[in-house]
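Input: a single structure, listed below in structure tokens.
Numbers for residues simply follow the sequence, beginning at 1.
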Amino acid sequence: MSGMPRRTTLLAVLLTGASAAVLVVDLARPGLAAPVRAGAAAALAPVQEALAGWDDGRVAELTAERDALAAEVDRLREQAQDAAELQQLARSSTVAAVDRTLLPARVVAFAPGSSPVGGRTVTIDVGSTDGVLPDQTVVAVDGLVGRVLRVAPTSADVLLLGDPQVVVGVRFGEEGALGDVQADAAPGLPARGHGQLTLTALGDTAVETGARVETLGSPDDVPYAAGIPLGRVVSVDPDRGQLGRTAVVEPFVDTDTLDLVAVVLREEP
């Protein structure tokens, strides 16, 4: 292979020299140059074709090598990003609160609430072969994402927090008062912003702006494990004399931009 560039250079020099000779003859004796030009073209045509063929092949080879290297760089960059995100998830307060085995997963598809299948969901790239079961909790670095709705061998659909079907039992505030969180607000309450949820306190418990909201938990962690960060109270609704005061909750997790998540695996009995 090392001899090929030297041969190519020699051929290029010969071609340049022949072309220069024809040009000199053409300038000195225009009529005499025609046979010389024709003869040179006939003699050098195979060389030019070989040179051009080698150039095209070499360019194609170098292009393929460049593309392969670029693809490898992209793959390594994605691996580094995944490792950083997994490390961030492992160190997050969410993981500390759950104290369960987490199965990392990547979001690979999204379905809006108007989907014929029903429910605002995302599809993740782990399934029953990985130990995923329906009604397992799904979390991200910042907190609750939702729960597993449907499971296939290598994928699963997750019903997201904020879907109208989702009601989550919670504790809020320093005293751990009880309530629930859902997407819809009762008639007469102020409009909610995009992604915001409604907290309804149990009984006549007061709700304060800034209160942290976490999951209450369920027996066997079905469908939500206890103590998972959910959101924060950003405003309190006017007291209308109803049983159970209400407030607006801003979720910690933006479900519109999900990427790396984790499924909370249940403990074996």
Side-chain angles (χ1 to χ4, degrees), residues 70-113 115 117 119-163 165-166 168 170 181 183 193-197 212-215 217-218 221-232 249-268:
E72 180 66 10
V73 168
D74 289 342
R75 186 184 69 82
L76 293 175
R77 184 181 293 114
E78 289 178 359
Q79 283 186 348
Q81 180 180 352
D82 289 350
E85 290 179 355
L86 285 172
Q87 188 176 42
Q88 184 182 8
L89 179 60
R91 294 176 176 177
S92 69
S93 59
T94 299
V95 173
V98 173
D99 193 25
R100 295 285 190 276
T101 301
L102 298 182
L103 175 66
R106 182 73 65 185
V107 173
V108 294
F110 171 81
S115 169
V117 178
R120 183 169 177 263
T121 64
V122 293
T123 301
I124 55 178
D125 61 356
V126 293
S128 59
T129 57
D130 305 291
V132 179
L133 300 171
D135 286 333
Q136 287 178 328
T137 309
V138 180
V139 299
V141 170
D142 296 320
L144 183 66
V145 170
R147 62 178 175 85
V148 176
L149 183 63
R150 293 176 290 268
V151 181
T154 59
S155 65
D157 292 336
V158 178
L159 186 63
L160 299 176
L161 177 69
D163 183 88
Q165 303 178 50
V166 175
V168 184
V170 298
V181 165
H194 177 71
Q196 291 182 332
L197 308 171
R212 182 181 172 90
V213 182
E214 299 179 348
T215 56
S218 311
D221 295 338
V222 178
Y224 301 107
I228 299 176
L230 186 150
R232 192 174 301 279
V249 173
E250 189 73 39
F252 290 136
V253 175
D254 181 1
T255 55
D256 291 338
T257 59
L258 288 173
D259 185 17
L260 183 72
V261 298
V263 180
V264 181
L265 299 180
R266 296 177 196 153
E267 296 182 341
E268 295 293 336

Quiz prompt | Atom pair OG1 (T257) and CZ (F110), whose distance is rounded to the nearest 0.5 Å | solution = 11.0 Å
Self-check item: Heavy-atom side-chain proximity of V158 to V261 below 4.5 angstrom
Solution: no
Quiz item: Got L102 and V263 here, is their nearest side-chain heavy-atom distance under 4.5 Å?
Solution: no
Quiz item: How long is the gap from NE2 on H194 to CG on D256, to the nearest 0.5 Å?
Solution: 3.5 Å
Exercise. Search all heavy atoms of A105 against all heavy atoms of V126 and return the closest pair with its distance.
Key: CB-CG2, 3.6 Å
Practice problem: Please report the shortest heavy-atom distance between P251 and L197, naming the atom on each side. | Solution: CG-CD1, 3.8 Å
Quiz item: Among L159, V138, V264, which one satisfies side chain to side chain contact (heavy atoms under 4.5 Å, CB included) with V148?
Solution: V138
Quiz item: About how many Å separate OG1 of T121 and CD of Q165, when rounded to the nearest 0.5 Å?
Solution: 10.0 Å
Self-check item: V166 vs Y224 side-chain heavy atoms within contact, under 4.5 Å
Solution: yes
Exercise. Would you please name every residue forming a side chain to side chain donor-acceptor pair (under 3.5 Å) with D259, sequence neighbours left out?
Key: R106
Practice problem: Mind checking the CZ-CG spacing from F252 to L161? Nearest 0.5 Å is all I need. | Solution: 11.5 Å
Quiz item: side-chain contact (heavy atoms from CB on, under 4.5 Å) with E214: which residues, sequence neighbours excluded?
Solution: R212
Quiz item: Taking side chain as C-beta onward, heavy atoms only, is R232 less than 4.5 Å from E250?
Solution: no
Quiz item: Atom CD1 of I228 and atom OG1 of T215: how far apart are they, to the nearest 0.5 Å?
Solution: 4.5 Å
Practice problem: Please report the closest heavy-atom contact between G162 and A183, naming both atoms and the distance. | Solution: O-CB, 3.1 Å
Practice problem: Answer whether the closest heavy-atom distance between the side chains of V151 and L133 falls below 4.5 Å. | Solution: no
Quiz prompt | Non-neighbouring partners of T154 that pass side-chain contact (heavy atoms from CB on, under 4.5 Å), sequence neighbours left out | solution = T129
Quiz prompt | Separation between CG of D142 and CG of D254, rounded to the nearest 0.5 Å | solution = 9.5 Å
Exercise. Output all residues satisfying side-chain contact (heavy atoms from CB on, under 4.5 Å) with T123, sequence neighbours left out; order by chain, then residue number.
Key: V108, A109, S155, D157
Quiz item: salt bridge (charged side-chain N to carboxylate O under 4.0 Å, His left out): which pairs involve residues 128-138, sequence neighbours left out?
Solution: D135-R147
Quiz item: Considering only heavy atoms from C-beta outward, does the side chain of V253 approach that of L258 to under 4.5 Å?
Solution: yes
Practice problem: Apply side chain to side chain donor-acceptor pair (under 3.5 Å) to D74 and list each qualifying residue two or more places apart in sequence or on a separate chain. | Solution: R77
